[in-house]
Every structure is written in C-alpha cells, then in structure tokens.
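No experiment lies behind these values; they were computed from the predicted model shown.
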Amino acid sequence: QVQVVESGGGLVQAGGSLRLSCTVSGLTFDARGMGWFRQAPGKEREGVSCISWTGSEYYIDSVKGRFTISRDNAKNTLYLQMNSLKPEDTAMYYCAAERARRWYPDGYGLCHGSSVHWGQGTQVTVSS
C-alpha cells in the first residue's frame with residue numbers, strides 16, 4: 001500500500017520561509033517522479049514544482065527563484081524549500097508520487113499530469 005505523508009506546513013509572515021517534507025512508502029521511490037501541488041480556496045489545484053526520476057525540475061513562474069525542490073532517495077523523501085513567501089502562496093500543499101515507474105518524461109509532464117498518488121496535504125498560510 002502506497003503512503004504519501006506531508007509535513008512542514010504552518011503559519012508564517014510574508015517574507016519568511018518554510019520547508020515542506022514528503023515521505024513515501026510502498027513504492028520504488030528512486031524510479032518515480034515526485035511533485036508538489038497546491039490548491040487555494042476557490043481555485044483549481046496547480047502543479048507548483050516537480051522533479052522527474054532523472055532529476056529534471058519544473059517550477060511554475062510565480063515561484064521561480066523562491067522555491068527549490070529536492071529529493072533524498074536514500075530517505076524516500078521529497079522537499080520543497082520555500083523562501084520569500086507571499087500571501088498569494090497561501091494554500092493547501094499536496095505531495096504527489098508518480099503512479100507508474102518512469103511514466104512522465106520530465107518535471108513539466110508530471111506537474112501537468114494526474115497519474116499520481118496523493119498525500120493528504122499540509123496547510124501553508126502566509127500573513128501580510
């Protein structure tokens with residue numbers, strides 16, 4: 001059984017930083033693309049940053065230069081370092097693991113796909 005568990009969300013002032021973590025079990029982590037998605041109230045879920053099994057990274061324009069995705073295959077863990085946070089970053093953040101091994105060719109494909117295992121989400125709130 002695949003389990004995807006996020007942690008690290010919270011309340012932070014604008015300009016602050018948070019680091020999200022996602023631990024995965026039940027699948028071959030190093031053969032899977034991984035990603036972070038978010039959904040704000042009244043908006044659709046969007047892919048924020050994704051990293052393929054080869055290490056190809058993708059970021060949406062609004063977080064480029066502020067967020068950094070990384071993975072530790074030895075720990076089956078994905079990270080998202082978020083700096084210079086803005087109120088518009090407020091959302092529920094979800095971790096996603098590729099369902100099939102090596103399915104998406106790059107981070108962009110994963111962030112625009114849906115064949116993933118989802119975590120339960122962790123709330124990030126940025127106050128102004």
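We find the CE-CZ distance between Met92 and Arg38 to be 14.0 Å, quoted to the nearest 0.5 Å. Between atom CZ of residue Arg66 and atom CD of residue Gln81 there is a gap of 12.0 Å, rounded to the nearest 0.5 Å. To the nearest 0.5 angstrom, Ser62 atom OG is 7.5 Å from Phe67 atom CZ. Once rounded to the nearest 0.5 Å, the distance linking CH2 of Trp36 with SG of Cys111 reads 12.0 Å. Note that the CZ atom of Arg71 and the CG atom of Leu78 stand 7.0 Å from one another [nearest 0.5 Å]. The line from CD of Gln123 to OG1 of Thr90 is 7.5 Å long, rounded to the nearest 0.5 Å.
If you check the side chains of Glu57 and Tyr59, you find a donor sitting under 3.5 Å from an acceptor.
Contact record, Gly9 with Thr122: N-OG1, 3.1 Å, taken as the closest heavy-atom pair. Scanning both residues, Ala14 and Ser128, for their nearest heavy atoms gives CB-CA, 4.4 Å. Looking at every heavy atom in both residues, Glu98 comes nearest to Ala31 through OE1-O, 3.9 Å. Counting all heavy atoms, side chain and backbone alike, Gly47 lies closest to Phe37 at CA-CD2, 3.4 Å. Heavy-atom minimum distance, Cys50 versus Gly35: SG-CA, 3.7 Å. For the pair Ala40 and Ala91, the tightest heavy-atom approach, listed with the atom from each and the gap, is N-CB, 3.8 Å.
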- request: Show your reasoning for whether side-chain hydrogen bond (donor to acceptor under 3.5 Å, both in side chains) applies to Thr54 and Ser56.
  value: CA-CA 6 Å; Thr54 62; Ser56 165; 5.2 Å; no

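Cluster annotation: Val12 and Val63 are assigned to the same hydrophobic cluster (Ile/Leu/Val/Met/Phe/Trp/Tyr, side-chain heavy-atom contacts under 4.5 Å, transitive). In the hydrophobic cluster analysis, where Ile, Leu, Val, Met, Phe, Trp and Tyr join through side-chain heavy atoms closer than 4.5 angstrom, Val2 is grouped apart from Leu110. In the hydrophobic clustering of this structure, Leu20 does not group with Val116; members are Ile, Leu, Val, Met, Phe, Trp, Tyr whose side-chain heavy atoms approach within less than 4.5 Å, directly or through other members. By the rule that hydrophobic residues join a cluster once side-chain heavy atoms approach within less than 4.5 Å of another member, Tyr94 and Ile69 end up as members of separate clusters. Cluster annotation: Trp53 and Phe29 are assigned to distinct hydrophobic clusters (Ile/Leu/Val/Met/Phe/Trp/Tyr, side-chain heavy-atom contacts under 4.5 Å, transitive).
Here the side chains of His117 and Val24 are not in contact, with every heavy-atom distance at 4.5 Å or above. Residues Asn76 and Ser25 have side chains not in contact (no heavy-atom distance under 4.5 Å, counting atoms from C-beta outward). Put simply, the side chain of Arg101 reaches to within 4.5 Å of the side chain of Arg32, judged on heavy atoms.
The pair Lys86-Asp89 does not count as a salt bridge, with every side-chain nitrogen at least 4.0 angstrom from each carboxylate oxygen.
The local environment of CD in Glu88 is crowded, with over 12 non-hydrogen atoms from other residues, nucleotides or ligands closer than 6.0 Å. Few gaps surround CH2 on Trp118; more than 12 heavy atoms of other groups in view lie less than 6.0 Å from it.
For Ser21 (side chain) and Tyr79 (main-chain N/O), no donor-acceptor pair under 3.5 Å exists by modelled atom type. Gln120 places no side-chain N or O within donor-acceptor distance of the main-chain N or O of Glu6, the cut-off being under 3.5 Å.
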